[in-house]
A.B. asks: 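Quick one: this structure, given as structure tokens, is what I'll be asking you about.
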Number of protein chains: 2
Amino acid sequence: MAVTIRDVARQARVSVSTVSRALSAPGLVKEATRQRVLEVVRGLGYEPNRAARSLITGRTGNLGIVVPDLENPFYPAVLRGVQSRAHEAGCAVFFCDSRVAAEDALVRTMAAQVDGVVLCASLLDDDQVAELADTTPMVLLNRTLPGVSSVLMDSASGMAQVVEHLAELGHTDRVYLGGPEQSWSHRRRLVGLADRARRLGPFEPTFDGGVEGARQALSTGATAIIAYNDLMALGVLSHLSTRGIRVPEDISVTGFDNILYAAMCHPPLTTVAMPTEEAGRVAVDLLVDRLAGGPAECRELPTRLVPRASTGKAPMFS
Amino acid sequence: MAVTIRDVARQARVSVSTVSRALSAPGLVKEATRQRVLEVVRGLGYEPNRAARSLITGRTGNLGIVVPDLENPFYPAVLRGVQSRAHEAGCAVFFCDSRVAAEDALVRTMAAQVDGVVLCASLLDDDQVAELADTTPMVLLNRTLPGVSSVLMDSASGMAQVVEHLAELGHTDRVYLGGPEQSWSHRRRLVGLADRARRLGPFEPTFDGGVEGARQALSTGATAIIAYNDLMALGVLSHLSTRGIRVPEDISVTGFDNILYAAMCHPPLTTVAMPTEEAGRVAVDLLVDRLAGGPAECRELPTRLVPRASTGKAPMFS
DNA sequence: TTGAAAGCGCTAACAA
DNA sequence: TTGTTAGCGCTTTCAA
């Protein structure tokens, strides 16, 4: 059996409560006693039993995060932010990809063993989210709901920058390949788009979705394709390349998110940089605040256009 | 306060022990009683408190996984496998990226709240791993240690296939850009290489590492560059492209792992397919077996060459 | 087949 | 500043 608080107490010649206090409320113990206890703790390699602790405090010291698709490098980046900040706050992180099971089921399962959860780009409807938020402290990422904390990335502004950039290059015939219609990010992008492009879709926000989108976009005769995200844009580039269409000479392409591969592909992708890691960190901050009894809070993080080689002047003919 | 086992007992007019048994040892309760209890459980929405349960059973029902770099799409894929299998087994998954803190510290922290951990491509030395494995049931991924379960991907064979492929294309002057020297995968790849290529490195197993590797490789005059992994190969492609060197006409390039982007880049990358998701699932199987008292086990999964457009005939001149 | 009761290891009143 | 004690919610002997 592992070493318990009683072993420490015995060897340090104090009561168990003193040991407990020395560990979790240092101010309430005489410094000398505390040192002695800590020494014994180290000597014995004592680790408080988390189950016992959380049984009484009702806190687990754990956070959960649910992401829609880990294969999209956007989410590992968020996860990194969450993880590093959680680590600083002394929390461990539970993780779930919502392709494994329904989002609400996952959150409910998690709720049993975490103090709060970060829910990324949820596709649940408002009522469902509200119900979950009622059960568990929650922070939404790229999604809003009154009374629930959220971290937003300014998709509207990002998309507006994209359209402006294309307009400056002389593109008048633009087409937008839309993402999931329930998605908050998609809807915000539409706001930024302000009807300055034709709309196609919805498409899966993946490479394959982009391939399909490109196919449809080609028949419109547009000179610029605006993809919902980078993964789709990569699919677009791939399809155009197999069709022998040059980018950006014949058609310009833009993505969204600035995932790592946006800079590595050919041609490098004009896209919108999202503050992913920071969003992860902020989400944890908000969650921790909330757990400490603070109010629900919304934080919007800025985005910015990253012009690269996949966009160029519109072709002169048409 | 949440509903407890006593509430259920009271309403079902049985003792708490009967409720407990109805839930975790159905055989020990009369069917009729059991049905009645289950009904009340559903009616009240009762969920057993995990902390209380694990306090007494010593089990948490959680698994942990430590990966070296979530930015490498290889690991999200493994994670997916781990997660889906764990979900089937009724376990939740803790996750850690070892860039947040030292591997052994992470494992130790995790050990406190999981029943076992999957340690991926650890760079710790044998003694350290052995010590950890002594504390917590553990499964190693792409790493071996006597007495510890592990899931291996056959890197040696994969690399042998790469070399053979290049040889068939007429490349006699090949260079290998090595990964981390402590890495088991790297060493296995060397075995498969069998000195049939010059060795450079070590390099960071990242895009930037690949850029640096390409720089050094160019001065050797080799006609084929074998990268430790796809991420590096992507860096190689990028550097060659900025230098105006054509792939595969001037130089052939290969990667390793078959990450998603290997198929999306330009030209598509010849690489070695790794059974990532399956490895994740198998790792969980092994861990679960171990927890049930089974013996340590080693499982090696096959790899296979995926020829694409980044490799071609060696140039005739030299 | 069921119930009573003793803890699992810890924290948090309450007393001293 | 420290110690005593009563549980947190559950499982598991042991008896009935």
Side-chain angles (χ1 to χ4, degrees), chain A residues 1-41 44-62 90 92 109 111-115 291-292, chain B residues 1-41 44-62 90 92 109 111-115 135 291:
Chain A
M1 205 61 221
V3 20
T4 78
I5 201 173
R6 312 177 82 95
D7 300 323
V8 178
R10 196 172 311 122
Q11 186 162 340
R13 317 183 134 277
V14 294
S15 72
V16 290
S17 22
T18 300
V19 176
S20 173
R21 282 191 285 254
L23 259 27
S24 24
L28 301 177
V29 175
K30 193 162 63 169
E31 185 55 24
T33 319
R34 194 173 144 257
Q35 286 308 332
R36 187 150 42 93
V37 170
L38 259 33
E39 215 159 285
V40 175
V41 164
L44 258 35
Y46 168 70
E47 278 279 355
N49 179 316
R50 298 186 66 125
R53 177 177 280 178
S54 80
L55 180 54
I56 194 160
T57 60
R59 285 289 189 88
T60 62
N62 298 328
T109 309
Q113 46 202 323
V114 299
D115 296 334
L291 292 174
Chain B
M1 206 57 222
V3 21
T4 77
I5 200 173
R6 314 176 81 95
D7 301 323
V8 178
R10 197 171 311 123
Q11 186 162 341
R13 316 183 134 278
V14 294
S15 70
V16 291
S17 12
T18 301
V19 176
S20 173
R21 282 189 284 252
L23 260 28
S24 23
L28 300 178
V29 175
K30 192 163 62 169
E31 186 53 23
T33 320
R34 193 172 144 257
Q35 286 308 332
R36 185 151 42 93
V37 170
L38 259 32
E39 215 160 287
V40 175
V41 163
L44 259 34
Y46 168 70
E47 277 280 356
N49 179 315
R50 299 184 66 123
R53 178 176 280 179
S54 82
L55 180 55
I56 195 160
T57 61
R59 285 288 188 91
T60 62
N62 297 329
T109 309
Q113 45 203 323
V114 299
D115 296 334
T135 321
L291 292 173

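Keep in mind the model is a prediction, meaning the values are calculated, not measured.
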A.B. asks: Does B:I56 have any side chain to side chain contact (heavy atoms under 4.5 Å, CB included) partners at least two apart in sequence or in another chain, and if so, which?
C.D. replies: none
A.B. asks: Got a sec, which residues hit side chain to side chain contact (heavy atoms under 4.5 Å, CB included) with A:T109, two or more places apart in sequence or on another chain?
C.D. replies: none
A.B. asks: Would you mind reading off the distance between A:L23 atom CG and C:dG9 atom P, rounded to a whole angstrom?
C.D. replies: 16 Å
A.B. asks: Quickly work out the A:E31 CD to D:dT1 C1' distance and round it to whole Å.
C.D. replies: 13 Å
A.B. asks: Assess whether atom CD of A:Q35 is packed by more than 12 heavy atoms of other residues, nucleotides or ligands within 6.0 Å.
C.D. replies: yes
A.B. asks: Holding to side chain to side chain contact (heavy atoms under 4.5 Å, CB included), I want the full list of residues that pass it with A:A12, two or more places apart in sequence or in another chain.
C.D. replies: A:V14, A:V37, A:V40
A.B. asks: Is A:T33 touching bases, backbone alone, or none of the nucleic acid, heavy atoms closer than 4.0 Å?
C.D. replies: sugar-phosphate
A.B. asks: Mind listing the closest non-hydrogen atom pair of A:V29 and A:T18 along with its distance?
C.D. replies: CG2-O, 4.1 Å
A.B. asks: Select one nucleotide: of D:dT1, C:dC10, D:dG9, the one nearest the side-chain heavy atoms of B:A52.
C.D. replies: D:dG9
A.B. asks: Starting at CZ of B:R59 and ending at P of D:dG9, how long is that distance when rounded to a whole Å?
C.D. replies: 24 Å
A.B. asks: Return the value, rounded to whole Å, for the distance between atom CD of B:E47 and atom P of D:dC10.
C.D. replies: 10 Å
A.B. asks: To the nearest angstrom, how far is A:R50 atom CZ from D:dG9 atom C1'?
C.D. replies: 19 Å
A.B. asks: Tell me, please, which residues at least two apart from B:N49 pass side chain to side chain contact (heavy atoms under 4.5 Å, CB included).
C.D. replies: A:L55, B:A51, B:A52
A.B. asks: Dot-bracket, 5' to 3', for DNA chain D please: Watson-Crick or G-U pairs under 3.5 Å, [ ] where pairs cross earlier ones, | where the partner sits on another strand, dots elsewhere.
C.D. replies: ||||||||||||||||
A.B. asks: What pairs with B:R10 under salt bridge (charged side-chain N to carboxylate O under 4.0 Å, His left out), at least two apart in sequence or on another chain?
C.D. replies: B:D7
A.B. asks: D:dT11 P sits how many Å from B:R53 CZ, rounded?
C.D. replies: 5 Å
A.B. asks: Test for a donor-acceptor pair under 3.5 Å between the base of D:dG3 and the side chain of A:R21, counting only N and O atoms.
C.D. replies: yes
A.B. asks: Could you check which of C:dT2, D:dG9, C:dC10 has an atom nearest any side-chain atom of B:V29?
C.D. replies: C:dT2
A.B. asks: If I take atom CG in residue A:N49 and atom P in nucleotide C:dC10, what distance separates them, rounded to the nearest angstrom?
C.D. replies: 6 Å
A.B. asks: Can you pull out the residues from residues 5-18 of chain A that lie within a 4.0 Å heavy-atom distance of DNA chain D?
C.D. replies: A:V14, A:S15, A:S17, A:T18
A.B. asks: List in chain and number order the residues that pass salt bridge (charged side-chain N to carboxylate O under 4.0 Å, His left out) with B:R34, two or more places apart in sequence or in another chain; answer none if no residue qualifies.
C.D. replies: B:E31
A.B. asks: Please name all residues satisfying salt bridge (charged side-chain N to carboxylate O under 4.0 Å, His left out) with B:D115, sequence neighbours left out, ordered by chain then number.
C.D. replies: none
A.B. asks: Measure CD1/A:I56 against P/D:dG7 and give the value in whole Å, please.
C.D. replies: 11 Å
